[in-house]
Peer 1: 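One structure, as structure tokens, below. Some questions next.
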There are 2 protein chains.
Amino acid sequence: MEDTLYATYQRRAAVIKALAHPSRLLIVDELSRGERCVCELTERIGSDISTVSKHLSVLKKAGIVLDDRRGVQVFYRLRCPCVLRFFDCIEAVIEEKERAIA
Amino acid sequence: MEDTLYATYQRRAAVIKALAHPSRLLIVDELSRGERCVCELTERIGSDISTVSKHLSVLKKAGIVLDDRRGVQVFYRLRCPCVLRFFDCIEAVIEEKERAIA
DNA sequence: GCTTTATTTGGTCATATTGCCAAGTATTCG
DNA sequence: CGAATACTTGGCAATATGACCAAATAAAGC
């Protein structure tokens with residue numbers, strides 16, 4: 001197995017992994033409508049603010065979101081709206097799967 | 001938090017999670033060029049065949065691949081080639097990230 | 001029926017993820 | 001400076017994931 005080839009898959013997997021959580025998908029969806037501060041997202045998600053903050057740091061580390069502190073608040077936004085095309089791909093898989101069951 | 005809304009994100013996360021592993025991405029990439037039996041994939045990946053088999057069952061459970069036993073071998077193929085559009089989205093995120101560093 | 005080849009499944013161990021609470025940091029305002 | 005607000009980080013317990021080996025299954029051929 002070529003080392004560099006596998007490294008490519010690892011890099012991709014890291015990004016995908018960052019998206020592989022319902023709360024983080026909710027965050028991305030929410031941010032697709034504009035920037036939001038942590039407390040807005042926390043209210044939306046319903047878990048502890050520390051949990052949300054950690055989810056955001058996962059997304060940030062993966063290069064999916066950017067943060068911007070303005071005063072006491074920290075606003076997050078999508079780094080690259082292209083992640084949204086993602087949802088379409090995923091939904092297509094889900095629909096295909098459901099069609100097979102029906 | 002609406003229950004049904006969150007359920008949507010959970011369903012999506014389940015599919016994304018199934019893709020969030022370098023070996024499974026390699027499998028998907030390989031299957032994009034046609035069906036493959038487990039031993040072909042195993043050779044490509046380089047881990048134990050039981051490990052590869054488990055990766056395949058993860059992909060199957062998520063609705064990403066289909067299997068077809070022919071004789072002693074089991075051939076896998078992509079259920080929906082749309083997952084491939086995925087890679088483009090991911091690469092775009094990675095490039096965006098690297099551009100920022102440079 | 002027994003053997004061989006291909007694959008799946010069960011068990012186990014190491015490691016990673018997730019969520020909450022508590023404590024720490026940053027910024028604003030009085 | 002001290003208090004309040006917004007957020008992050010550390011720690012910990014519960015759970016999930018991933019890899020291997022060994023054992024079980026499935027189909028083919030003798």
Side-chain angles (χ1 to χ4, degrees), chain A residues 1 3 6-7 9-28 30-31 34-77, chain B residues 1 3 6-7 9-28 30-31 34-77:
Chain A
M1 176 166 52
D3 221 45
Y6 204 71
Y9 293 117
Q10 277 182 325
R11 244 179 296 121
R12 289 177 180 178
V15 176
I16 296 175
K17 220 170 180 179
L19 289 165
H21 190 287
S23 298
R24 294 198 288 266
L25 289 181
L26 194 158
I27 289 172
V28 170
E30 190 66 22
L31 295 185
E35 62 172 19
R36 298 281 187 275
C37 69
V38 182
C39 59
E40 283 173 310
L41 294 169
T42 298
E43 196 181 339
R44 199 85 179 62
I45 293 173
S47 15
D48 195 272
I49 187 171
S50 70
T51 301
V52 175
S53 177
K54 278 177 185 171
H55 281 311
L56 285 164
S57 85
V58 169
L59 290 171
K60 185 181 168 185
K61 197 176 162 195
I64 295 165
V65 301
L66 290 172
D67 60 341
D68 178 24
R69 179 178 275 271
R70 292 208 290 279
V72 199
Q73 290 170 301
V74 178
F75 290 87
Y76 281 85
R77 64 179 189 281
Chain B
M1 175 166 51
D3 222 44
Y6 205 70
Y9 294 115
Q10 277 182 325
R11 243 179 297 121
R12 290 177 180 179
V15 176
I16 296 174
K17 222 171 178 177
L19 290 166
H21 189 287
S23 298
R24 293 198 289 267
L25 289 181
L26 193 158
I27 290 172
V28 169
E30 190 65 22
L31 295 185
E35 64 173 18
R36 298 281 187 276
C37 70
V38 183
C39 57
E40 286 175 308
L41 294 169
T42 299
E43 197 181 338
R44 199 84 180 64
I45 293 173
S47 18
D48 196 272
I49 188 170
S50 69
T51 302
V52 174
S53 178
K54 278 178 186 170
H55 281 311
L56 285 164
S57 85
V58 169
L59 289 171
K60 185 181 167 184
K61 197 177 163 195
I64 296 165
V65 301
L66 290 171
D67 61 340
D68 178 24
R69 179 178 275 271
R70 291 207 291 280
V72 199
Q73 291 170 301
V74 178
F75 290 87
Y76 281 85
R77 64 179 189 280

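Just so it is clear: chains get the letters A, B, ... in the order the sequence lines come, proteins before strands, and each one is counted from 1. Given the structure is predicted, the values throughout are model-derived calculations rather than measurements.
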Peer 1: Could you tell me how far apart Q73(B) (CD) and dG29(D) (P) are, to the nearest whole angstrom?
Peer 2: 12 Å
Peer 1: Can you find a pair of side-chain heavy atoms, one from K60(A) and one from L66(A), that are under 4.5 Å apart?
Peer 2: no
Peer 1: If you check every side-chain atom of H55(B), which of dC7(D), dA19(D), dT7(C) has the closest atom?
Peer 2: dA19(D)
Peer 1: Would you say the base of dG11(C) and the side-chain of K54(B) have a donor-acceptor pair closer than 3.5 Å?
Peer 2: yes
Peer 1: Picking from dT7(C), dG19(C), dA19(D), which would you name as closest to the side chain of I49(B)?
Peer 2: dT7(C)
Peer 1: How about Y76(A) and L31(A): do any of their side-chain heavy atoms sit closer than 4.5 Å?
Peer 2: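 They are in contact (side-chain heavy atoms under 4.5 Å apart), so the answer is yes.
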Peer 1: Can you tell me which nucleotide in dT7(C), dG19(C), dT17(C) comes closest to the side chain of S53(B)?
Peer 2: dT7(C)
Peer 1: For D67(B) and D48(A), find the nucleotide of DNA chain C closest to each by heavy atoms; which residue's nucleotide sits nearer the 5' end?
Peer 2: D67(B)
Peer 1: So, are D68(A) and R70(A) salt-bridged, with charged N and O less than 4.0 Å apart?
Peer 2: yes
Peer 1: Does Y76(B) have a side-chain nitrogen or oxygen under 4.0 Å from the phosphate oxygens OP1 or OP2 of dT8(C)?
Peer 2: yes
Peer 1: In this structure, how many angstroms lie between the P atom of dT18(C) and the CG atom of L59(A), rounded?
Peer 2: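 Whole-Å distance recorded here is 11 Å.
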Peer 1: Could you tell me the separation between the CZ atom of F75(B) and the P atom of dA27(D), rounded to a whole number of Å?
Peer 2: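 That distance rounds to 15 Å.
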Peer 1: Should R69(B) be listed as having a side-chain N or O under 4.0 Å from OP1 or OP2 of dT25(D)?
Peer 2: no
Peer 1: Can you check the K60(B) NZ to dT8(C) P distance for me, whole Å?
Peer 2: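 From K60(B) NZ to dT8(C) P: 8 Å.
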Peer 1: Nearest to the side chain of V74(B), heavy atoms from C-beta on, is which of dT7(C), dC20(D), dC7(D)?
Peer 2: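 Selected nucleotide: dT7(C).
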Peer 1: Out of dC20(D), dA6(C), dC7(D), which nucleotide sits closest to the side chain of S50(B)?
Peer 2: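 Nearest nucleotide to the side chain: dC20(D).
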Peer 1: Provide, to the nearest angstrom, the distance between the CZ atom belonging to R70(B) and the P atom belonging to dA28(D).
Peer 2: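 Rounding to the nearest Å, CZ of R70(B) and P of dA28(D) are 12 Å apart.
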Peer 1: Counting only side-chain nitrogens and oxygens, does S47(B) get under 4.0 Å of the OP1 or OP2 atom of dA19(D)?
Peer 2: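 S47(B) to dA19(D) OP1/OP2: no side-chain N or O under 4.0 Å.
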Peer 1: Backbone N or O of G71(A) within a donor-acceptor pair of the R69(A) side chain at under 3.5 Å?
Peer 2: yes
Peer 1: In Å and rounded to the nearest 0.5 Å, what is the CG to CZ distance from L19(B) to R12(A)?
Peer 2: 11.5 Å
Peer 1: Separation of I16(B) atom CD1 from dT17(C) atom P, in whole Å?
Peer 2: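 Result: 16 Å.
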Peer 1: Nearest whole Å is fine: how far is dT7(C) P from L56(B) CG?
Peer 2: 10 Å
Peer 1: I want to verify a distance call: between dT18(C), dA26(C), dC7(D), whose nearest atom is closest to the V72(A) side chain?
Peer 2: dA26(C)
Peer 1: May I have the distance from K17(A) (atom NZ) to dT15(C) (atom P), rounded to whole angstrom?
Peer 2: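 To the nearest whole Å, that distance equals 14 Å.
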